[in-house]
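Everything on this sheet refers to the single structure shown next.
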2 protein chains.
Amino acid sequence: MNQHEIRFIEMQKALKKHKYKVTPQRLAILKILAYNISHPKIDEIYEILRKTFPTTSPATVYKTVAVLKELNEVLEIQYSDKGNRYDGLTPIPHPHICCTVCNKVFDIQAINFDDLINKMEKETGFEIHHVRMDVNGICQECRNDP
Amino acid sequence: MNQHEIRFIEMQKALKKHKYKVTPQRLAILKILAYNISHPKIDEIYEILRKTFPTTSPATVYKTVAVLKELNEVLEIQYSDKGNRYDGLTPIPHPHICCTVCNKVFDIQAINFDDLINKMEKETGFEIHHVRMDVNGICQECRNDP
DNA sequence: ATACGTGCAAATACTTTGCAGGCTT
DNA sequence: AAGCCTGCAAAGTATTTGCACGTAT
């Protein structure tokens with residue numbers, strides 16, 4: 001079982017556990033979020049969903065995503081100008097780096113996130129709940145291969 | 001000369017250098033951005049500006065901030081739900097921490113961001129162009145004062 | 001003097017809400 | 001059977017644009 005299947009199942013379980021109904025529309029949205037590595041926007045999810053449910057509306061997508069957000073089954077990445085993006089694959093905050101040329105996404109292993117959080121809590125006096133870190137640039141391959 | 005005065009002057013220079021007119025309204029907005037450490041939102045800037053210019057409008061604030069953004073004299077921190085915030089004091093990307101109770105935004109000085117970026121470039125082979133780091137939690141004041 | 005800036009209002013884009021009928025549990 | 005879910009439309013909210021008048025250079 002790969003990570004996509006795992007997430008698809010996990011999200012369904014989360015809905016059931018919290019007494020949310022698992023409708024065909026919701027299943028389709030879950031599948032899009034579980035199998036898509038590109039952090040889709042609401043309207044991208046909506047466009048894919050329309051292929052199976054031609055009469056659906058963006059409101060349905062917004063409502064289902066809101067539920068998943070509440071259950072921490074999807075990570076919302078806020079962009080006020082480009083439209084928010086949603087990550088259903090790794091809904092816990094994690095640093096990732098995205099190549100602006102080939103759009104491949106890599107995890108960043110180098111940084112000790114826990115260390116960093118401890119340091120920040122000490123300095124700021126905050127009780128830290130959530131860390132968001134997005135890095136953009138050009139990857140090795142695309143730099144060598146113009 | 002403290003950092004606030006320095007930024008106030010720098011922003012004025014940037015406007016003049018690029019042939020933008022320095023109007024009383026713009027001067028007032030520059031001053032708000034240079035002296036405010038709480039990363040104000042457009043409507044917060046607008047409310048302060050109204051005290052001196054009772055007939056001004058949000059559009060004027062948006063337009064001036066857009067110019068400063070273009071000149072890299074202000075950093076836009078995007079929040080799709082809470083409204084964007086603007087940092088005129090440190091207009092290069094740097095980590096922010098936002099209290100989920102009082103919504104105030106602070107800078108994080110403790111971690112050496114340049115170091116971090118170097119480390120990431122070395123490990124990933126990326127040429128890094130942009131880093132966004134947002135931290136959420138509860139600030140000291142709100143923890144003491146429930 | 002002239003071109004740019006201001007500030008009103010209308011337009012746009014994104015997201016949320018209200019509601020009637022349908023479907024999951 | 002009961003209540004949540006869907007999907008349409010309308011309402012919010014944040015931001016941008018158009019335009020006539022005023023002002024900085």
Would you say D:dT15 has OP1 or OP2 under 4.0 Å from some side-chain N or O of B:N84? yes

Between B:H94 and B:D87: side-chain donor-acceptor atoms closer than 3.5 Å: yes

If you take any heavy atom closer than 4.0 Å to DNA chain D, which residues from residues 58-76 of chain A end up in contact? A:A59, A:T60, A:K63

May I have the distance from B:I45 (atom CD1) to D:dT15 (atom C1'), rounded to whole angstrom? 14 Å

Please determine whether side-chain contact (heavy atoms from CB on, under 4.5 Å) holds for the pair A:E47 and A:R50, giving the CA-CA distance in whole Å, both sets of side-chain angles, and the decisive distance to 0.1 Å. CA-CA 5 Å; A:E47 287 305 326; A:R50 283 180 79 179; 3.6 Å; yes

Quick one: B:R50 CZ to C:dG7 P, roughly how many Å, whole number? 12 Å

Inter-axis angle, terminal five-pair segments of the helix from C:dA1-D:dT25 to C:dT25-D:dA1 [nearest 10°]: 40°

Any residue in residues 15-40 of chain B with a heavy atom nearer than 4.0 angstrom to DNA chain D? Just list them by number, or reply none. B:K21, B:V22, B:P24

Would you name the heavy atoms of A:V67 and A:R26 that are closest together and state the gap between them? CG2-NH2, 4.4 Å

Does one side chain, of A:N84 or B:S80, offer a donor that lies under 3.5 Å from an acceptor on the other? yes

note: B:R85, atom CZ; D:dA14, atom P; distance rounded to Å ~ 12 Å

Does OP1 or OP2 of D:dG7 have a side-chain N or O of A:T56 closer than 4.0 Å? yes

CD of A:Q78 versus P of D:dA14: gap in Å, rounded? 13 Å

Shortest non-hydrogen contact between B:R143 and A:E127, atoms and distance: NH1-N, 3.5 Å

Once rounded to the nearest 0.5 Å, what's the spacing between atom CD of A:Q3 and atom CZ of A:F8? 15.0 Å

Only one of A:V74, A:I37, A:L75 passes side chain to side chain contact (heavy atoms under 4.5 Å, CB included) with A:L89, and that residue is A:I37

Whole angstrom is fine here: how far is it from CZ in A:F53 over to C1' in C:dC23? 12 Å

B:K82, NZ atom: more than 12 neighbouring heavy atoms under 6.0 Å: yes

So, taking the atom named CZ in B:R85 and the one named NZ in B:K104, what distance separates them when rounded to the nearest 0.5 Å? 10.0 Å

Would you mind reading off the distance between B:Y79 atom OH and D:dT15 atom P, rounded to a whole angstrom? 13 Å

Does A:D134 come within less than 4.0 Å of A:R132, counting only side-chain N to carboxylate O? yes

Between C1' on C:dT25 and CD on A:Q12, what's the gap in Å once rounded to a whole number? 15 Å

Answer yes or no: is there an ion pair linking A:R7 with A:E10, defined by an N-O contact shorter than 4.0 Å? yes

